[in-house]
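Worksheet: one structure, shown below.
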Amino acid sequence: MTYNHQKIEKEWQKKWEEDEIYRADNNLKKPASAPQDPELRRGKDNFYCLIEFPYPSGEGLHVGHPRSYTAMDIIARKKRMEGKNVLYPIGWDAFGLPTENYAIKTGVHPKIATEKNIENFTRQLKSLGFSFDWSREINTTDPEYYKWTQWMFLQFFKHGLAYKTKMAINWCLKCKIGLANEEVVNGKCERCGGEVEKRQKEQWMIKITKYAQRLIDDLDKVDYLPRIKDQQINWIGRSEGATVKFKVKSEKLKVDIEVFTTRPDTLFGATYMVLAPEHEIIPDLKSQISNLKEVDDYIEKSKRKSDLERTELQKEKTGVDLEGIKAINPVNNEEIPVWVADYVLTGYGTGAIMAVPAHDERDLEFAKKFNLQIKKVVQPPQVIPNSPFQAGASSGAIGNLQGDIESECFSGYGMSINSDFLSGLLTLDAKEKMTEWLEKNNVGKKTVNYKLRDWVFSRQRYWGEPIPLVHCEKCAEAKPKFLFLHAFKDSSGRVFWPWLKSELEKRGFEVFAPNLPNSNKPNLKEQTKFISENFNIDDKTIIVAHSLGGVLAMKMLAENNLKAKKIIMVAPPAKTEFKDGKKRPAVEEFCDWKFNYSKIKKAVGEVVVIADKEDSVVPIEQPKEIATELNAKFVEVVAPAPHFNCVEAPMILDNILTGDILNPGWVPYEDLPVKLPDVKKYEPIDSGESPLANMQDWINVKCPKCGGEAKRETDTMPNWAGSSWYFLRYTDPKNNKEFASAEALKNFMPVDWYNGGMEHTTLHLLYSRFWHKFLYDIGVIPKECGDEPYKKRTSHGMILGEGGEKMSKSRGNVINPDEMVKLYGADTLRVYEMFMGPFDQAIPWDTKGLVGCRRFLERVWKVKMKNEKLKVAVKNEKLLKELHRTIKKVGEDIEEMKFNTAIAQMMIFINAVGEEEIDVENWKLFLQILAPFAPHLAEELWANLGNKTSIHLEKWPEHDKSLIVDEEIELIVQINGKLRDKIKIKADLGEEEAKKIVLESEKVKNWIDGKKIKQVVFVKGKLMNIVI
RNA sequence: GCCCGGGUGGUGAAAUGGUAUACACGAGAGACUUAAAAUCUCUUGACCGUAAGGUCGUGCGGGUUCGAGUCCCGCCCUGGGCACCA
């Protein structure tokens, strides 16, 4: 009988599917007895392995896909055989540009194209025999799935992490369409070859930068390949430095230009400044610029440049002096010129730099070209042998030496010179001293800067999740404004006020946060007068008041017949008796402390009182009393600091945001999902909006807040959205009440092992870690799961074309997996993809190599044939040892993803078997370790031995330790480190006995030839080196 | 320019500081066959030598070590990623 892969592979795939042998069990196998310890809580039986779910493109499966899938499949199968309840799921990341572009071209609805592609991918994946649990299949374009993606977006929105801002996007002048970076090729539109320019466009952003530090710090908690951690850290790019304010010299204008620098110690060497062409201060300066036309032309030109031109290709620096504008270096009051140049980027730091040409390569190049002053302020250290400054010395307390110290530009660390009070200091000390000086003189401060930018979350495209927001003009007009009233002795610049103000302003609200007069000796009348002169309290006003501010609010409203929309009072006192027992005469004199509650109730639409039971000043009974009297909503919280003297107070913000005050309004949860409507044309329209903007039926809705006429948001989400949480959905894919139940999440999260491509390290991996942390923070992911989604992350290398180049249609070197499966079989393809080289490296495809793997499987097949005839067990000590060595090596290599050497060892074993006969029990052990690699072949041979149940449900074999050790070994004999002889000795022979035997050897005698033995190095069971 | 990999036979590649080139491909020779394919066996880093054996050899130059493909320093080449990151 020949090895007919086509027949047996199909048969077993069908049988496995019928028997559902790869189904993961959702029930906890162990009681949740120790919820603190994730290992115990999850039960040792559960194991979650994950691959990146594919984008179902029209091209079908690439041979690169099975590399990762087979690797994790082998791991999943081994874990299953080790008795674990393995979750190995699959799904589709199906929103995105390629399908949409296909729709534009052909008119085929993306939904139809996606369905077809998924069908094809499913067939292909099933033909490879992966042990996926298909019952958990998910699809990001399924409304039942993206309902939750939308729900999560609303969580970001409500927690202030989603905001809208103007962003530069790539705009194709001909297609009139916004392009992804990927669609811009050499500065031209990939679709039509036309001009691309930068255009400012409002975009939804998600504030990932808020998590920058945590995303770095928490890498300590996880087991990722070091280079993956490195890449994430570099991408987030934390740098410590200072911001420095430079005054613009002008009679009329009072503006500062703020810069960020990592080298505040070189401030004395700053001889000019540069603004990015997009810098927002430029319009303000225009009235002072004498060469305005030249400047405008330059800005216009740089707009046309793509990032590519501005960065890589452009060697020659360009720029224009803003004539008439000078800035003042705060440290020495020198006037320096201000330039605009596109080598400075808007997105990083403040979009402006102080240029120190003597100590920065780019600044130097620019300064030379435009004849700007170069001033040395750092002396390179002398290179003295063994000094800590020696080139290459690690960057320790003294700092690292970079660059060529002989060259004109020295950007390393050294000693400050020509720098007044810094002169003579080493760079690190000089940095610190300058920062102190900046802070003392109020012209700068210590700043941590990150390269990481916020996540551009909107697309003006069709094939994505609609952003579930509604714009209502009426509500926008009725937008509330905020009045902050601070406490006794306090000011609006202290505690949580600055933070709360910026949070609300970010959401587009007007906030009036005055420093109330005489707050040490406050007087109701005086403060009321001050407010009425500066702010108009009306029915759109929301008053947020802290402590005594609450009293002010109540009295002010009641006694002046004012109307307000809402008051939020934080720890307001009702009396002048305080918890700390202190008498506060100034507070007692503030007012008469009598409250006309019924009048207050009439004056205000809604009242919220927030208080802390542990408040150190105002006993909770007082705010409670106020709340009761006013029929207010009473919220008891645990304040971050005594009496809410904290810099951030999220509970206050949360309470402000509950209610109908946000604009735009969100779609109520019960109306989710906001389904994508069918459109006829998929091109974005002339206005640059998504095609959804033309769907009148769809965009016109009732405002969920006021019931009036309103319009839907037409932007859609990027496909990173759906992929940021799909691993959570796998735990509970059919749940229609939650994105996943807490029980299901606790059952499987975090993911034990996630393998994917390096290309996803900075985007998908970072986004999903951030997304998970956010969901964790707002409490929808149980604490037990932890705030990191993946315990372990590994990466596979690319599969290149046969010439060693990337596989691509245009090169014509694409290998079709279907053809390989048909000709050689899924098992052969699987084994070859694992054998071709180290798993984490890029490897060129070689169909001849595939043939070698097929031969190996054929040999395995033939061993069985022999065994059928000869059922008599033949004992063979040598073979048995090889078998157990193989069991050991394969088991260990799988854990380390060294699949290539695992397979090599199995080949060695099969070569050793050769024509010999092997007994059935030992043969079974080999089939079991082969099963994860070649599941169909192993299953067929297993069944042929008379087994009724699947080999994949067998126990993973253990090697016999006693069979691994050799009694006799070949001792390597070296003379002066060179191999001279090999002598068979007992493995446990000691040095003295071994030496005796070695010195007997004729070869050794010849080499020593009467010379004196200086030293003998002996490694037991391995080698002896004789030094003469 | 910055960051991260990688340089070992004709090729893909093995090698806890301890026999460099396992395993596979390719090539060559042989067996089987009327023949071919398939399969099986042997050879296969370079050089010298009839042989025994020896010398050299992991991109280059140094160093540490009894011993370096592996560790350290300085270069060169190459692949990938990137947002000129101040």
Side-chain angles (χ1 to χ4, degrees), chain A residues 181 225-228 230-231 233-235 237-239 241 259-263 266 274 307-308 310-315 317 341-350 352-356 359-363 365-366 390-393 411 449-453 758-759 761-762 795 797-798 800 804-806 831-832 835-838 840-853 855-856 858-859 862 898 900-908 910-911 914-915 970-982 1003 1006 1014-1019 1022-1028:
Chain A
N181 281 337
L225 289 181
R227 63 191 165 120
I228 297 176
D230 282 352
Q231 251 195 57
I233 290 168
N234 289 338
W235 187 262
R238 180 195 157 96
S239 57
V259 304
F260 172 75
T261 176
T262 53
R263 296 293 300 270
T266 62
V274 185
D307 278 354
L308 206 79
R310 267 175 79 161
T311 58
E312 276 174 87
L313 296 181
Q314 189 212 348
K315 293 268 182 270
K317 294 231 174 340
D342 62 11
Y343 81 97
V344 171
L345 300 181
T346 332
Y348 185 75
T350 60
I353 61 157
M354 62 178 214
V356 186
H359 305 290
D360 183 287
E361 301 271 1
R362 293 155 298 176
D363 296 346
E365 198 191 320
F366 192 81
Q390 201 169 4
S411 59
N449 196 46
Y450 298 92
K451 285 193 227 170
L452 184 71
R453 301 201 291 238
M758 278 309 279
E759 71 274 19
T761 304
T762 47
S795 252
M798 251 193 296
L800 307 170
E805 286 177 305
K806 251 190 193 167
V831 170
Y832 173 62
F835 181 68
M836 62 200 300
D840 59 352
Q841 272 174 44
I843 308 281
W845 179 269
D846 179 16
T847 302
K848 279 182 196 144
L850 190 78
V851 174
C853 293
R855 282 185 201 142
F856 162 62
E858 299 254 12
R859 268 178 230 146
K862 279 185 196 156
K898 286 156 75 176
N900 52 339
T901 49
I903 292 165
Q905 181 59 42
M906 288 192 279
M907 286 172 170
I908 291 172
I910 287 299
N911 291 347
E915 297 295 317
E970 218 173 40
L971 187 77
I972 301 308
V973 182
Q974 296 178 330
I975 311 281
N976 285 349
K978 291 206 164 152
L979 175 71
R980 294 304 175 196
D981 201 4
K982 299 174 191 178
K1003 285 178 188 165
N1006 279 338
K1014 285 191 200 147
Q1015 192 187 350
V1016 174
V1017 179
F1018 181 67
V1019 181
K1022 198 122 205 184
L1023 120 171
M1024 178 169 283
N1025 187 14
I1026 298 168
V1027 186
I1028 53 173

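Below, chain A is the first sequence line, B the second, and so on; all start at residue 1. Just so it is clear, the model here is predicted, and its values are computed rather than measured.
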Can you check the [X] [atom1] to [N] [atom2] distance for me, whole Å?
X	N	atom1	atom2	value
A:Lys978	B:U19	NZ	P	15 Å
A:Met906	B:A24	CE	P	13 Å
A:Leu452	B:C85	CG	C1'	12 Å
A:Ile972	B:U19	CD1	C1'	4 Å
A:Leu345	B:C82	CG	C1'	12 Å
A:Leu979	B:G53	CG	P	12 Å
A:Asp363	B:C85	CG	P	11 Å
A:Phe856	B:A22	CZ	C1'	15 Å

query = From B:A15, B:C84, B:A22, pick the nucleotide closest to the side chain of A:Ala904?
reply =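 Selected nucleotide: B:A22.
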Could you tell me which residues satisfy salt bridge (charged side-chain N to carboxylate O under 4.0 Å, His left out) with [X], sequence neighbours excluded, listed by chain and number?
X	value
A:Arg980	none
A:Lys982	none
A:Arg238	A:Glu240

Complementary nucleotide for [N] - Watson-Crick or wobble, under 3.5 Å:
N	result
B:G74	B:C60
B:U16	none
B:G79	B:C4
B:U41	B:A29
B:A51	none
B:A36	none
B:A24	B:U11

key: Pairwise distance CD(A:Gln1015) to CG(A:Asn1025) - rounded to 0.5 angstrom   =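 Interatomic distance, A:Gln1015 CD to A:Asn1025 CG, rounded to 0.5 Å: 8.0 Å.
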query = To the nearest 0.5 Å, how far apart are CD in A:Gln231 and CG in A:Asn234?
reply =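 Answer rounded to 0.5 Å: 7.5 Å.
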inquiry  = Generate the contact string for nucleotides 40-52 of chain B. Rules: B means base contact, S means sugar-phosphate contact only, - means no protein heavy atom under 4.0 Å.
reply    = S------------
Annotated protein contacts, base or backbone, on nucleotides 3-13 of chain B with a non-hydrogen cut-off under 4.0 Å, one of B, S, - each = SS-S-----BS
ask   = Under 4.0 angstrom, heavy atoms only, what part of the nucleic acid is A:Leu1023 near: base, sugar-phosphate, or nothing?
value =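 Here A:Leu1023 touches the bases of the nucleic acid.
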query = With sugar-phosphate meaning primed atoms plus P, OP1 and OP2, does A:Lys848 contact a base, only sugar-phosphate, or nothing at under 4.0 Å between heavy atoms?
reply =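 The answer is sugar-phosphate, as A:Lys848 gets under 4.0 Å only of primed atoms, P, OP1 or OP2.
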task = Measure from the side-chain N and O atoms of A:Asp363 to the backbone N and O of A:Val356, and report whether any donor-acceptor pair falls under 3.5 Å.
result =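 Such a contact is found between A:Asp363 side chain and A:Val356 backbone.
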query = Does A:Asp360 use its side chain to pair, donor to acceptor, with the backbone of A:Ala355 at less than 3.5 Å?
reply =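 No.
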Looking only at atom [atom1], what distance separates [N] and [M], rounded to whole Å?
N	M	atom1	result
B:G59	B:A14	P	14 Å
B:A22	B:G12	C1'	14 Å
B:G57	B:U21	C1'	11 Å
B:C77	B:G17	P	30 Å
B:A15	B:A24	P	16 Å
B:U11	B:U58	P	16 Å
B:G10	B:U16	C1'	31 Å
B:A13	B:G62	C1'	29 Å

Once side-chain hydrogen bond (donor to acceptor under 3.5 Å, both in side chains) is applied, do any residues pair with [X], and if so which ones, sequence neighbours excluded?
X	result
A:Glu858	A:Arg854
A:Trp845	A:Thr847
A:Asn1006	none
A:Asn900	none

Residue whose closest nucleotide on RNA chain B lies nearer the 5' end, A:Trp235 versus A:Arg980 =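 Counting from the 5' end, the first nearest nucleotide belongs to A:Arg980.
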ask   = So which one's nearest nucleotide on RNA chain B is more toward 5', A:Gly852 or A:Tyr450?
value =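 Final value for this comparison: A:Gly852.
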key: Partner set under side-chain contact (heavy atoms from CB on, under 4.5 Å) for A:Leu1023, not counting sequence neighbours   =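 Partners of A:Leu1023 by the side-chain contact (heavy atoms from CB on, under 4.5 Å) criterion, ordered by chain and then number, come out as A:Ile972, A:Gln974, A:Val1019.
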inquiry  = Using the side-chain contact (heavy atoms from CB on, under 4.5 Å) criterion, which residues pair with A:Lys848? Sequence neighbours excluded.
reply    =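 Result, side-chain contact (heavy atoms from CB on, under 4.5 Å) vs A:Lys848: A:Asp846.
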key: Pair of N/O donor and acceptor under 3.5 Å linking B:A86 base with A:Arg263 side chain   =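 Side chain to base: no pair present.
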Listed pairs, N/O of protein and of nucleotides 63-67 of chain B, under 3.5 Å:
residue	atom	partner	partner atom	Å
B:C66	O4'	A:Gln1015	OE1	3.3
B:C66	O2'	A:Asn1025	ND2	3.4
B:C66	O2	A:Asn1025	ND2	2.6

B:G79, syn or anti by chi within 90 degrees of zero =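 Glycosidic conformation of B:G79: anti.
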query = Quick one: are A:Met907 and A:Phe835 in side-chain contact, heavy atoms under 4.5 Å?
reply =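 A side-chain contact under 4.5 Å exists here.
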